[in-house]
Amino acid sequence: METIYSLTLKELETVLGEYGQKPYRAKQIYNWLYRKHVLTFEEMTDLPASLIEALSARYCIMPVTLVDKQVARDGTAKYLFELTDGSSVETVLMHFNFGESVCVTTQIGCSMGCAFCASGLLKKQRDLTAGEMVGQIMYIQRELDEAETRVNNVVVMGTGEPFDNYDNVLDFCGVINSDHGLAIGARHITISTCGIVPGIDRFAAGHYQYNLAISLHAPNNELRTRLMPVNKAWPIETLIDSLKRYSTDNHRKITFEYILIKGVNDRDKDAVELAELIRGMNAYVNLIPYNEVEENDFRTSDEKTSLHFYDVLMKHGVKATLRSKHGDDIDAACGQLRARHERNRSAG
Ligand code: SAH
């Protein structure tokens with residue numbers, strides 16, 4: 001059964017129209033779902049009984065159940081959720097000084113095949129619906145209700161490639177951004193892509209206010225193709241051209257994500273080449289420590305090398321941040337908790 005969380009306010013108005021209901025009912029329902037956080041239609045006491053019956057027959061509300069949760073010493077929590085078809089997804093909650101941030105999964109598995117990533121161990125099985133993404137947020141939001149805090153930042157950086165599930169991801173953003181919904185500010189929602197250029201072009205044309213982050217991870221085609229097969233389809237020049245258009249047309253800054261992998265992409269000349277590639281763009285680089293996974297031999301750059309890489313970028317006039325690790329003592333890298341459960345499942 002589909003979850004009502006999948007419906008944008010407009011779509012909900014259309015559905016309600018089918019039952020002869022006025023559009024204002026959609027806002028009433030959004031209020032119950034996203035302000036009061038109810039989990040049943042029966043609790044929506046200002047709706048007519050016939051409508052409650054019709055909606056209950058057609059939709060569920062919460063599409064996820066909790067299978068496992070790990071909490072790291074720094075408070076980062078990793079959730080393993082099961083969906084209604086039995087498949088499972090990972091979601092991460094991080095505490096920052098600016099608030100509670102949730103990292104959302106967009107697909108079951110991923111077909112992008114990045115060499116360093118544990119998510120890609122399982123090829124894409126299917127796209128998540130918008131509601132299954134909203135559900136990840138709502139489950140965690142309901143937990144946070146007890147502490148009277150709210151999810152105020154969302155990064156679309158969990159398992160999956162958002163621009164390989166474009167419509168559902170944008171619907172999801174629409175629901176959580178809606179003034180009548182969770183009202184998470186567009187500037188507090190970040191979509192991260194491995195560089196699917198048609199998706200970036202579409203996103204640019206939509207003039208959305210969400211932030212765009214690009215997983216770059218290498219300053220030239222030779223290295224990037226080795227790490228990220230997607231680079232064969234849309235090489236760096238094509239990617240950068242598309243990003244420049246986006247940035248100019250939308251007056252928006254771009255975040256480049258760059259994981260530092262020991263001896264692979266963290267050398268002095270890599271930093272210089274990266275600086276030359278993006279100098280002059282309205283962008284900054286988020287340097288991320290590589291999270292080691294069992295399934296490959298890539299290693300985290302040491303601190304000295306990471307700091308030096310950062311310094312080289314700054315000296316060349318490129319703004320950068322060196323991100324600290326979160327949830328180091330849990331299976332925090334993408335796909336790791338899931339991968340462990342799969343192993344246990346097949347071992348048992
Ligand atoms: N497909 C999208 C979003 C999901 S991946 C994308 O590629 O951007 C989210 C981020 O985590 C990407 O930058 C990805 O390259 C990075 N990542 C994947 N595995 C990682 C690991 N083991 N350590 C650190 N970052 C990792």
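A quick note: this is a predicted structure, and the numbers were derived from the prediction, not measured. Indexing begins at 1, ligand by ligand and atom by atom, following the structure's order.
Looking at Leu182 and His37, their side chains come closer than 4.5 Å, going by heavy atoms from C-beta outward.
Remark: the Glu273 side chain and the Asn220 side chain contain an N/O donor-acceptor pair separated by less than 3.5 Å. Looking only at atom types and distance, the side chain of Thr321 has a donor-acceptor partner in the side chain of Asn286 under 3.5 Å away. With no hydrogens or angles considered, a side-chain donor-acceptor pair links Asn211 and Arg252 at under 3.5 Å.
Residue Asn291 touches ligand 1 through backbone and side chain together, judged by heavy-atom distances below 4.0 Å. With a 4.0 Å heavy-atom cut-off, ligand 1 is reached by the backbone of Thr193 but not by any atom from C-beta on.
Ligand 1 places these atoms under 4.0 Å from at least one heavy atom of Gly158: 4 (C). For ligand 1, the atoms lying closer than 4.0 Å to a non-hydrogen atom of Cys194 are 6 (C), 7 (O), 8 (O). Listed by atom number, the atoms of ligand 1 under 4.0 Å from Cys117 heavy atoms are 18 (C), 19 (N). Contact atoms of ligand 1 toward Ile259: 24 (C), 25 (N) (distance under 4.0 Å to a heavy atom of the residue).
With atom 15 (O) of ligand 1 as the reference point, the heavy atom nearest to it among His217, Glu161, Met112, Glu295 is part of His217.
Only one option out of Gln107, Glu161, Met112 pairs with Lys124 in a side-chain contact (heavy atoms from CB on, under 4.5 Å); it is Gln107.
Heavy-atom separations between Gly160 and ligand 1 include at least one value shorter than 4.0 Å.
Ring pair Phe309/Tyr258: centre-to-centre distance below 6.0 Å.
Aromatic ring pairs are classed by plane angle as parallel below 30°, tilted from 30° to 60° and perpendicular above 60°; the pair Phe163 and Tyr166 is tilted.
Residue Pro162 places no N or O, backbone or side chain, under 3.5 Å from any N or O of ligand 1.
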